[in-house]
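Bear in mind the structure is a predicted one, so any value in this text is a computation, not a measurement. Nothing fancy with the numbering, it's 1 onward along the sequence.
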Amino acid sequence: MVRAFSLTSDSLSYFIGYTLVHADRTIIVSPWLSNVDLRFPVNSILEDRHMRLLEAVEQLPDKDVTFIVRKGERHNDFIRKRLPEGVSMHEIENLHAKVVVCDEFAYLGSANITHGGLTLNREVCEIIENEYENAEAYLEAELDITL
């Protein structure tokens with residue numbers, strides 16, 4: 001049985017921060033993606049516990065981070081033009097899913113990884129154990145996305 005718990009959308013910024021620090025591989029799936037403010041757990045890797053997504057990814061060069069966004073959305077241009085070296089972005093037609101997945105956990109919900117999705121809107125957010133124990137296997141099985 002897969003364990004799950006719910007969280008508020010404003011707590012999603014902490015879950016993303018936790019995942020970026022603790023997981024070797026993080027895949028962020030969101031039709032619309034912004035350079036959102038994130039919060040991080042106490043750790044010995046980052047000096048600042050509050051920073052924007054792109055800054056965090058840049059300061060975590062040993063982590064494997066991939067963004068998957070909706071193809072053709074101009075909203076994603078800001079992130080696309082500023083991707084740190086080693087970070088990839090894939091564009092998928094008709095993408096509507098919102099997932100942050102690592103080998104251990106997956107966030108599933110209605111919140112886009114945008115300012116509105118994390119702070120303004122009322123969203124459904126749930127964290128589950130990744131029963132596939134692999135981020136890419138989760139995407140293939142649950143969303144039919146192959147990287």
Side-chain angles (χ1 to χ4, degrees), residues 6-128 130 132-147:
S6 297
L7 71 156
T8 59
S9 56
D10 61 344
S11 296
L12 181 54
S13 70
Y14 182 83
F15 175 74
I16 295 169
Y18 174 89
T19 303
L20 289 172
V21 167
H22 291 290
D24 292 328
R25 173 101 169 107
T26 302
I27 302 172
I28 298 176
V29 179
S30 180
W32 300 276
L33 183 66
S34 299
N35 194 22
V36 293
D37 291 317
L38 299 179
R39 294 177 295 143
F40 295 87
V42 174
N43 66 82
S44 60
I45 302 170
L46 300 172
E47 288 184 29
D48 193 354
R49 293 189 52 216
H50 296 269
M51 65 182 71
R52 295 207 176 250
L53 176 61
L54 288 175
E55 180 184 5
V57 170
E58 193 166 28
Q59 289 191 30
L60 296 165
D62 296 335
K63 305 294 183 165
D64 185 357
V65 179
T66 300
F67 297 127
I68 300 175
V69 298
R70 187 177 192 145
K71 187 173 185 172
E73 290 295 331
R74 295 184 71 206
H75 177 93
N76 300 319
D77 288 349
F78 182 88
I79 295 283
R80 185 183 302 106
K81 292 175 183 176
R82 291 164 178 81
L83 284 178
E85 189 174 320
V87 176
S88 61
M89 178 181 275
H90 301 273
E91 296 184 274
I92 306 287
E93 293 278 352
N94 303 319
L95 180 70
H96 191 67
K98 293 90 173 172
V99 177
V100 177
V101 64
C102 63
D103 292 343
E104 192 174 359
F105 301 107
Y107 149 76
L108 315 167
S110 61
N112 285 296
I113 310 305
T114 61
H115 176 71
L118 272 59
T119 61
L120 301 174
N121 303 334
R122 293 182 186 179
E123 306 281 0
V124 175
C125 301
E126 185 170 76
I127 307 296
I128 63 169
N130 181 353
Y132 303 98
E133 299 179 352
N134 179 284
E136 289 185 16
Y138 179 93
L139 288 182
E140 289 176 24
E142 299 296 329
L143 295 173
D144 196 27
I145 296 174
T146 303
L147 297 179

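Side-chain contact between Ile113 and Leu118: present, with at least one pair of heavy atoms (C-beta onward) separated by less than 4.5 Å. When side chains are defined from C-beta on, Phe67 counts as touching Leu53, because their heavy atoms get closer than 4.5 Å. Annotation: side chain of Leu60 is in contact with side chain of Leu46 (closest heavy-atom distance under 4.5 Å).
Checking side-chain atoms of Ser110 against main-chain N and O of Glu123 turns up no donor-acceptor pair under 3.5 Å. Here the side chain of Lys98 pairs a donor or acceptor atom with the backbone of His96 at under 3.5 angstrom. Remark: the backbone N or O of Asp103 is not paired with any side-chain donor or acceptor of Asn134 at under 3.5 angstrom. With hydrogens and angles disregarded, no donor-acceptor distance shorter than 3.5 Å links the side chain of Asn121 to the backbone of Ala111. Side-chain atoms of Asn35 come within 3.5 Å of backbone N or O of Leu54 as a donor-acceptor pair.
Distance OG/Ser30 to NE2/His75: 7.5 Å, rounded to 0.5 Å. For the atom pair Leu95 CG and Ile145 CD1, the distance stands at 5.5 Å (nearest 0.5 Å). Between atom CG of residue Asp77 and atom CZ of residue Arg82 there is a gap of 9.5 Å, rounded to the nearest 0.5 Å. Note: Glu126 CD to Phe105 CZ = 13.0 Å, rounded to the nearest 0.5 Å. With values rounded to the nearest 0.5 angstrom, Ile27 atom CD1 is found 8.5 Å from Ser88 atom OG. Rounding to the nearest 0.5 Å places CZ of Arg25 at 13.0 Å from NZ of Lys63.
Counting heavy-atom neighbours within 6.0 Å of Asp48 CG, excluding the residue itself, gives a total above 12. Gln59 CD: more than 12 foreign heavy atoms inside a 6.0 Å radius.
The two residues Arg49 and Pro41 make their nearest non-hydrogen contact at NE-C, 3.6 Å. Shown here for Ile28 and Leu33, the closest heavy-atom pair between the two residues is CG2-CD1, 4.2 Å. Heavy-atom minimum distance, Asn76 versus Met89: O-CE, 4.5 Å. The two atoms that bring Ala106 and Val101 nearest to each other are CB-CG2, 3.9 Å, heavy atoms only. Between Cys102 and Asn130, the closest heavy-atom pair is O-ND2, 2.9 Å.
Aromatic ring pairs are classed by plane angle as parallel below 30°, tilted from 30° to 60° and perpendicular above 60°; the pair Phe15 and Tyr107 is tilted.
A salt bridge links Glu91 and Arg80; the closest N-O separation between the charged side-chain nitrogens and carboxylate oxygens is under 4.0 Å.
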Report the C-alpha separation of Thr146 and Leu139 in whole Å, then their side-chain angles, then the decisive distance to 0.1 Å, and conclude whether the side-chain contact (heavy atoms from CB on, under 4.5 Å) test is met. CA-CA 7 Å; Thr146 303; Leu139 288 182; over 6 Å; no

Run the side-chain contact (heavy atoms from CB on, under 4.5 Å) check on Phe40 and Ile45 step by step: do they pass? CA-CA 10 Å; Phe40 295 87; Ile45 302 170; over 6 Å; no

Can you check side-chain contact (heavy atoms from CB on, under 4.5 Å) on Leu143 and Ile92, steps first, answer last? CA-CA 11 Å; Leu143 295 173; Ile92 306 287; over 6 Å; no

Going through the distances and angles, do Val57 and Leu83 end up as a side-chain contact (heavy atoms from CB on, under 4.5 Å)? CA-CA 9 Å; Val57 170; Leu83 284 178; over 6 Å; no

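Judged purely by distance below 3.5 Å, without hydrogens or angles, the side chains of Arg39 and Ser11 never pair a donor atom with an acceptor atom. With 3.5 Å as the limit, one finds a donor-acceptor pair spanning the side chains of Tyr132 and Glu142.
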